[in-house]
Amino acid sequence: MDSSEYDLPFFHRAGFHRRACSVCGSAFWTLGDHDRCQEAPCRDYGFLGHPGFSKPEGPDAMRETFLHFFEERGHTRVRRYPTVARWRNDVFFTQASIYDFQPWVTSGAIPPPANPLVISQPVLRFIDLEEVGRSGRHFTLFEMMAHHAFNRPDHEVYFKDRTTELCHELLTEQLGADPTAITYKEEVWEGGGNLGPSLSVGLLGLEVATLVFMEYVRDVDAVRPMPLTVVDTGYGLERFTWMSQGTKTAYEAVFGAEYDELRRTFPPREAAILIDHARALNFLLTDGVVPSNSKEGYFARLLLRRSIRILQRTPEAPDLLAILDAAGRAIARTFPEVGAHRDDLHRVVSAEAEKFAESIDRARTTIRRYDERLRATGGKVTEEDLLQWYDSLGIPPDLAVEELREPPKIPDDFYSRVAARHEGERPTNEYTETTKGLPDVATGTPATEVLYYLDPYTLAFDAHVVWTEGPYVVLDRTYFYPTGGGQVTDKGHLGDLAVVDVERKGPWVLHHLERPSPFRVGERVHGRVDGPRRRQLMQHHTATHLLNGALRETLGPHVWQAGAYKGPESARIDITHYKPLSREELHRVERRVNEIVREDRPVKSYFEDRNQAEKRFGFTLYQGGAVPGKELRIVEVEGFDVEACGGTHCTHTSEVGAIALSDVERIQDGIVRLTYSSGERALDLREEHEEILKEASRRLGVSVAELPSGIDRLLGEIEASRKAARTRRKEDLGATASRLLADPSVAETVGATMIVTGAVDRGRAELMELSRLLTKEKGRVAILAGEEDGRGVLFVGSTSPAVAAADVLRAALGEFEGRGGGNPASATAVGEPGAPLAHALDAARSAARRAAGA
RNA sequence: GGGCACGUAGAUCAGCGGAAGAUCGCUGCUUUCGCAAAGCAGAGGUCGGGGGUUCAAAUCCCCCCGUGUCCA
């Protein structure tokens with residue numbers, strides 16, 4: 001990055017000078033006389049015991065100070081976004097305030113909710129998990145305070161100069177930091193294909209803020225300026241609070257009384273971990289994460305299980321729920337939604353605690369058994385075993401050590417060795433462009449006016465072609481709904497040509513025709529949307545909202561939509577839930593949702609200012625994933641369910657007709673999928689099921705009502721006949737056995753051994769059974785010849801200690817080109833097709849006689 | 001999303017190429033006025049499903065399904 005990028009007029013106006021850090025070598029700007037930048041590790045903390053700000057403040061006051069400062073300077077305050085970044089598929093969590101506005105706002109597709117804006121966004125960074133409680137300043141969840149400005153060529157808000165000036169004014173005039181104590185270090189920021197200069201703000205050894213200026217796009221071969229530049233700042237609320245108080249660690253300053261309370265029972269590190277995790281969990285669970293074994297759920301599980309282990313190791317430890325509640329109450333002062341559903345949160349946490357207890361129980365028996373076996377063989381449990389147990393069974397190493405008689409030492413680098421085991425695994429979580437494969441629409445093409453939003457019933461319309469290429473057509477206005485929000489595309493016709501697909505790209509709707517477009521730009525075309533298809537899609541979409549509402553009502557507010565699909569045949573919704581749905585719960589959901597259908601409630605779709613809508617309806621609006629615009633399209637089922645949604649909906653619930661659940665499955669830990677249909681399809685489905693029932697009852701010859709008992713009877717009969725067949729075969733074999741034993745030409749006694757030699761017309765499995773019967777008593781040898789698939793089979797069974805079956809068999813192999821083997825108790829061989837067994841039997845008998853000591 | 005482990009009797013698991021096992025639970029008998037307990041006897045298994053290798057597969061290989069767990 002060219003050094004002129006950092007040469008701001010503000011620095012010159014205010015009298016800054018540029019230096020190079022004698023430790024890290026980076027260039028920085030300062031008013032003071034520093035030979036190094038004022039951040040760790042280049043210098044030590046200088047504020048412990050000597051706060052760097054003039055007034056000590058807790059996090060609530062500090063946040064308010066920050067937000068208010070920027071509000072007074074023309075910024076609009078924006079509420080936090082969820083900590084789970086459902087609107088992105090490349091990350092699980094909101095890891096910075098700018099994530100709220102990626103990709104749509106930063107790409108220019110959608111205007112920001114306000115410009116400039118100020119926000120305090122709770123963000124999660126699991127990278128720092130191991131550092132929590134150790135460094136004194138790391139958190140898994142922290143609040144990133146930020147002011148953002150989005151500059152378009154025609155509308156410049158502010159950029160580097162003003163940003164830096166605001167930051168400096170905040171630190172010095174508002175918070176009372178010594179102006180000469182601050183350094184602005186020059187850095188380069190790069191991420192998501194964008195890059196730009198950034199300034200890292202150091203004060204008394206602490207990096208308190210980063211000012212990032214997204215300015216360029218990195219292409220394959222070059223760096224180009226972005227059409228839209230973005231001011232992306234990040235001020236750590238926790239660090240500001242800490243700076244203002246100068247306590248020993250950030251935890252004391254940030255968590256105050258809750259931390260002190262835990263310190264009465266726990267050492268500093270454990271106390272910090274517990275309160276940090278409790279805070280992160282409150283946000284995660286409130287925002288709809290259910291603990292599970294993959295994706296975002298795993299992080300919730302990790303935090304919970306880490307906390308539980310600490311509590312288990314500590315005598316007289318407080319209850320986990322009590323710690324969560326204390327943290328939750330503190331958060332709720334600012335974010336009331338976090339405190340709103342304690343009971344439900346308790347249920348989710350308790351369910352997870354139970355699962356963990358079960359897992360630990362299993363672990364204990366596994367370890368004990370393994371230990372015993374090893375002790376019997378003189379082996380010892382190794383470090384490698386500990387790693388393997390943790391990785392594949394989830395056994396914490398400290399727990400394993402508790403259970404073992406001679407435990408190995410837990411290696412200091414245990415967790416990095418676990419990580420090493422996972423090296424080379426390539427997660428495929430790349431951000432996938434949904435508009436991939438679509439052609440680029442010429443810049444300057446007017447945006448498509450989308451008419452389906454407010455009027456889903458009009459299906460025929462006239463419009464003008466504003467752009468076209470190959471089979472793609474963009475119109476100035478359209479009623480065609482493009483694939484999106486889980487609802488599949490409309491179909492229909494433009495003129496005489498079929499529309500096979502409709503997709504949205506930025507501000508345009510692209511109609512994909514069956515053939516290259518014959519239309520010219522400016523031409524007027526007539527559009528017709530396939531009515532029955534659209535109607536079914538609408539019914540399925542509205543049904544999805546109703547079901548989501550009914551599920552939340554029935555199962556609890558931890559239920560969030562984790563995915564959905566609305567097709568013309570059926571629809572499905574994936575919800576977060578911590579256990580399988582019982583039949584009774586399903587029944588209740590289905591009844592409730594159809595009750596709502598019958599009540600014929602109005603379904604209203606309208607646009608509303610984002611902040612206002614959030615205030616009225618809360619965070620659960622974002623079931624399908626937040627669209628970060630200034631205005632939200634709200635779909636409101638009166639008195640029942642409200643969601644931000646771009647889909648086409650019925651205007652009254654009765655239009656949905658009926659909702660029939662057809663399938664429920666657990667698609668992954670913590671996620672349940674319900675499949676259903678509504679309207680015509682629901683009726684079709686019911687008819688189909690009825691037909692199946694009738695057909696089944698006809699075939700079984702009983703009434704529909706008697707089907708279950710009829711099936712039971714049938715199953716009973718099958719079982720009985722199977723048993724009878726088995727008994728008959730046994731009797732048969734028993735008779736054969738008696739016959740053989742009674743025949744002096746086949747049964748002979750040699751010393752203490754009785755040898756039975758015979759040929760029967762049976763296969764391998766039956767020879768074995770027969771041998772079993774013949775050698776029930778000790779000291780017997782059975783040599784049996786049979787046939788299977790045209791090949792001779794020779795079976796030898798022995799309960800005589802003197803006669804080894806395998807030896808006997810081996811002596812006979814050559815006589816019938818047999819291949820096989822066995823052990824002292826039993827041996828089998830199969831010969832080539834057509835090879836006679838007579839000689840083999842003789843050979844085997846001779847061998848058995850010899851072994852028996854004749 | 002990926003790695004690893006695990007699916008065997010109603011339950012918990014052992015067996016890891018040669019004749020499907022243990023413990024608890026269940027049924028019956030003995031003992032008892034009866035119960036518990038004990039002893040004896042017995043029932044209960046397509047060894048998750050499907051392919052392959054082999055004379056022979058619960059066991060080895062491949063694919064699927066399910067569960068657990070770790071990592072992102």
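Being a predicted model, the structure only gives us computed values, none of them experimental. Chain A is the first sequence line, chain B the second, and so forth, proteins listed ahead of strands; every chain is numbered from 1.
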Give [X] one of three labels, base, sugar-phosphate or nothing, depending on what nucleic acid heavy atoms sit under 4.0 Å from its own.
{"X": "A:R764", "result": "sugar-phosphate"}
{"X": "A:I395", "result": "nothing"}
{"X": "A:N823", "result": "sugar-phosphate"}
{"X": "A:G820", "result": "base"}
{"X": "A:A825", "result": "base"}
{"X": "A:S292", "result": "nothing"}
{"X": "A:Q388", "result": "sugar-phosphate"}

Selection from [options] that lies nearest to any side-chain heavy atom of [X]:
{"X": "A:R369", "options": "B:rU54, B:rA72, B:rA14", "answer": "B:rA14"}
{"X": "A:N293", "options": "B:rA5, B:rU69, B:rA72", "answer": "B:rU69"}
{"X": "A:M768", "options": "B:rC13, B:rA20, B:rG68", "answer": "B:rA20"}
{"X": "A:Y390", "options": "B:rA19, B:rC13, B:rC70", "answer": "B:rC70"}

On RNA chain B, more 5' by nearest nucleotide between A:V830 and A:R301 is A:V830
If you find the nucleotide of RNA chain B closest to A:R666 and the one closest to A:T365, which residue's nucleotide is nearer the 5' end?
A:T365
Mind checking whether A:W560 and A:Y622 have ring centres under 6.0 Å apart?
no
Whole angstrom is fine here: how far is it from [atom1] in [X] over to [atom2] in [N]?
{"X": "A:F356", "N": "B:rG68", "atom1": "CZ", "atom2": "P", "result": "15 Å"}
{"X": "A:E354", "N": "B:rG68", "atom1": "CD", "atom2": "C1'", "result": "17 Å"}
{"X": "A:E423", "N": "B:rG3", "atom1": "CD", "atom2": "P", "result": "16 Å"}
{"X": "A:E788", "N": "B:rA56", "atom1": "CD", "atom2": "C1'", "result": "11 Å"}
{"X": "A:R362", "N": "B:rA5", "atom1": "CZ", "atom2": "C1'", "result": "12 Å"}
{"X": "A:D361", "N": "B:rC6", "atom1": "CG", "atom2": "P", "result": "20 Å"}
{"X": "A:K776", "N": "B:rA19", "atom1": "NZ", "atom2": "C1'", "result": "13 Å"}
{"X": "A:D789", "N": "B:rA56", "atom1": "CG", "atom2": "P", "result": "10 Å"}

Tell me the partner of [N], counting only Watson-Crick (N1-N3 plus N6-O4 or O6-N4) or G-U wobble (N1-O2 and O6-N3) with both under 3.5 Å; none if nothing fits.
{"N": "B:rG39", "result": "B:rC29"}
{"N": "B:rG44", "result": "none"}
{"N": "B:rA22", "result": "B:rU12"}
{"N": "B:rU54", "result": "none"}
{"N": "B:rC4", "result": "B:rG68"}
{"N": "B:rG17", "result": "none"}

If only atom types and distance count, is the side chain of A:S392 paired as donor or acceptor with the main-chain N or O of A:Q388 below 3.5 Å?
yes
Tell me whether A:D789 contacts the main-chain N or O of A:R791 through its side chain, where contact means a donor paired with an acceptor under 3.5 Å.
no
Considering only atom [atom1], compute the distance from [N] to [M] and round it to an integer number of Å.
{"N": "B:rA56", "M": "B:rC63", "atom1": "C1'", "value": "23 Å"}
{"N": "B:rC47", "M": "B:rA58", "atom1": "P", "value": "8 Å"}
{"N": "B:rC55", "M": "B:rA22", "atom1": "C1'", "value": "31 Å"}
{"N": "B:rG48", "M": "B:rU32", "atom1": "C1'", "value": "46 Å"}
{"N": "B:rC16", "M": "B:rU59", "atom1": "P", "value": "13 Å"}
{"N": "B:rA20", "M": "B:rC61", "atom1": "C1'", "value": "23 Å"}

Are any of [X]'s side-chain N or O atoms less than 4.0 Å away from OP1 or OP2 of [N]?
{"X": "A:R305", "N": "B:rU69", "answer": "yes"}
{"X": "A:R780", "N": "B:rA19", "answer": "no"}
{"X": "A:K295", "N": "B:rG1", "answer": "yes"}
{"X": "A:R421", "N": "B:rG3", "answer": "no"}
{"X": "A:S826", "N": "B:rA19", "answer": "yes"}

A:E777 and A:T799: side chain donor to acceptor below 3.5 Å
no
In sequence, state the C-alpha distance, the side-chain angles, and the governing distance for A:Y578 and A:H558, and then conclude on ring-ring contact (aromatic ring centres under 6.0 Å, His included).
CA-CA 9 Å; A:Y578 51 87; A:H558 65 274; 5.0 Å; yes
Could you check whether A:R764 pairs with A:E769 (Lys NZ or Arg NE/NH1/NH2 to Asp/Glu carboxylate O, under 4.0 Å)?
no
Charged N-O contact under 4.0 Å between A:R125 and A:D128
no
Test for a donor-acceptor pair under 3.5 Å between the base of B:rA56 and the side chain of A:T828, counting only N and O atoms.
no
Pair A:H138-A:D276, side chain to side chain donor-acceptor pair (under 3.5 Å): steps then yes or no:
CA-CA 9 Å; A:H138 282 99; A:D276 168 86; over 6 Å; no
